[in-house]
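Structure record follows, encoded as structure tokens.
Proteins get letters first, then strands, A, B, ... in listed order; numbering begins at 1 in each. We use all heavy atoms of the structure for the numbers below, so side chains are in, but hydrogens, waters and symmetry mates are not.
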Amino acid sequence: MKTNIDRRTFVAKLNKASVALACLGMGVVSVSGVSPRSGGSLLREEKIDAVAGELYLEKFPEERSVELLVKKIWDKSLEDLETTSQEAIEDVLCNTIRRDFREEQVLSLAGWLVSRSEARFFAIQSILIKGI
Amino acid sequence: MIIDSREIEDGASFWTDVCVIGSGAAGLTFAKEILGTGREIFLMESGGHLTSPEADDLNVGTLEGEMFDYYQDYLLKERIRVYGGSTNIWEGVCLPLQEIDFEEREWMPNSAWPISKSDLDPYYARAANYLGIHGYDKSVSDDPSPIAPRMLPEETEWEGLAFHMSNQRRLGIQFEEELKNAENLKLHLHANAILFEGNENGSKIEAVEFATLEGRRFKVKANLFVLAAGGMENCRILLNSNADTDQNIGNQYDNLGRYFMDQFHTPGGRVVLPNPLDDHLSYDRALSESHGYIKMGALSLKQSAQRRHRISNQTLIFQETSKFKIDDERNRAVASSMPLFEKKSVRRRDTKTPFVYWFRLKSEVGATPDNRITLGEEKDALGVRRLHLCWKLSEDDRRMFARFTRMFGNALGEHFIGRLQEWYTENGKLSKHTKGHGHQLGGTRMHADPRKGVVDANCSVHGVTNFKILGGSVFPSGGNTNPTMTIMALAIRMADQFKKGVS
């Protein structure tokens with residue numbers, strides 16, 4: 001599947017978003033007194049995420065569209081997302097995941113409980129890897 | 001003094017002040033507590049100092065319900081006929097019931113106790129002293145209670161529970177020397193209670209008949225009888241006493257044997273975390289000796305959250321293990337697809353695997369009258385009808401188990417702490433590892449209204465002046481913790497009441 005967005009630009013943006021997400025998450029709780037450190041990026045393991053994304057798309061084949069998935073997560077078009085600040089992208093993604101869990105917008109992928117937005121995020125990567 | 005009842009003359013009859021039937025946690029504690037009154041006590045135990053196949057066979061019965069699909073030995077493995085009773089096989093996990101466990105909760109059928117936790121608090125502290133655990137009785141020790149573990153932020157609906165693990169749990173051994181030397185106590189071994197004999201109108205117990213496996217029978221008459229033979233055996237003895245007679249002891253309103261409960265115990269799922277659990281939460285890691293006892297952590301919903309969500313009292317107990325590797329690629333992919341797991345710097349050395357823990361779900365179940373102990377047709381070696389136990393989960397029970405696990409997974413996700421895989425599902429088949437906890441509760445339930453219970457708030461059998469019952473069978477609801485500490489607290493409370501009466 002072809003997408004209009006330049007993959008490198010988009011992936012870079014999501015990559016940054018995921019790093020921010022990770023840092024934010026670690027800031028919430030320090031389990032066992034282990035000091036969290038930032039670093040790494042989600043999309044370094046994009047192939048793993050893509051597998052998870054594919055599982056989602058098997059359940060919801062009608063969502064096999066980056067445009068649609070971006071719209072559902074960020075409520076924006078791809079073009080608008082391009083012009084959105086990095087911080088805003090991160091905030092929305094993070095808050096949407098939180099809200100999903102709070103409002104039980106969750107589903108089971110291979111038995112694991114994931115938020116709908118997380119799953120869509122993985123699905124975007126699955127499409128990008130396969131489609132570009 | 002210890003008496004081998006197998007040497008008592010057949011047909012003999014004895015009189016004593018107090019006859020306590022059963023030398024488990026309840027009977028032993030009560031007997032020890034009233035030693036100082038000077039009243040003569042008979043402490044009657046079905047077994048001896050060692051188990052025997054012949055005594056074990058008396059526990060054989062029949063089971064009904066899916067909870068036993070994978071646990072056909074429930075009646076044999078979870079009970080023991082030996083001096084000290086189940087304290088000989090108990091792991092020693094101690095925690096008082098919580099306030100909510102005593103409350104009437106619309107969503108938990110028949111859940112109200114006629115007493116509150118504050119009624120039992122002083123006795124919990126004294127039970128803790130017997131068990132060698134600290135933090136309950138400040139007059140004995142200033143040691144703090146075990147540190148409640150933390151996994152989720154304080155502002156969430158979740159809280160840690162801290163169990164004590166008693167290393168003084170073998171009460172029979174602990175008390176034996178004192179009981180043996182007491183001038184006013186006779187410990188009868190190998191004495192099986194088979195029949196309660198009431199007076200004409202059933203308002204008083206006249207005598208209890210005992211039998212030995214060698215075929216001898218004798219009677220004990222007493223001012224007070226305390227039945228503490230174990231959660232299920234309490235019911236069986238009384239049901240047999242009423243069967244084929246015109247007696248109806250403890251069963252005026254058909255409550256005897258009903259409302260049986262155990263706690264639901266199953267592998268609930270697993271979690272993947274970027275960091276190891278709090279040391280106090282991980283079962284294996286928590287085996288650290290401190291002040292002579294061991295601590296074990298668990299996680300539960302705060303009581304306020306239980307009320308808000310109308311859910312049963314449940315706990316999650318974690319165990320880190322390498323046995324539960326995530327082998328399947330798709331499975332691993334989802335488990336690993338979490339931003340937090342990119343924190344390779346906090347992963348364990350030499351592995352990219354995040355921390356995986358499986359957790360057990362230990363849950364209260366509802367008390368329903370159809371879950372019950374009845375008598376089978378077959379008789380044991382003493383001529384007593386064997387027990388039949390029916391225990392089935394209700395749809396509400398199942399819904400609440402699934403809901404609890406889902407709520408935990410949501411909380412982990414919302415706070416970016418980890419990811420959860422559910423093993424127990426509402427409509428799914430039970431895991432082959434599912435079983436009861438061996439905590440046999442209900443059957444002679446406590447209720448202020450004789451139409452709704454067998455014993456009153458003081459564990460006195462409704463309508464009978466000299467008959468009390470102790471043990472898990474009096475619990476109207478079970479909570480999410482091991483019952484022994486509560487059983488002992490009830491025994492101490494009853495002993496205090498007895499002592500007041502004597503004085």
| message | If I compare all heavy atoms of B/Arg406 with all of A/Glu104, which pair ends up nearest, and what's the gap? | response | CG-OE1, 3.9 Å
| Heavy-atom pair of closest approach, residues A/Trp112 and B/Arg419 | CZ3-O, 3.5 Å
| message | Please check if the number of heavy atoms outside A/Glu62 that lie under 6.0 Å from its CD is greater than 12. | response | yes
| request: Could you pull out all residues at least two apart from B/Glu157 that satisfy salt bridge (charged side-chain N to carboxylate O under 4.0 Å, His left out)? | output: B/Arg308
| Which value, rounded to the nearest 0.5 Å, describes the distance between A/Asp100 atom CG and B/Glu414 atom CD? | 10.5 Å
| Residues which pass ring pair (Phe, Tyr, Trp, His ring centres under 6.0 Å) with A/Phe101, listed by chain and number, not counting sequence neighbours | none
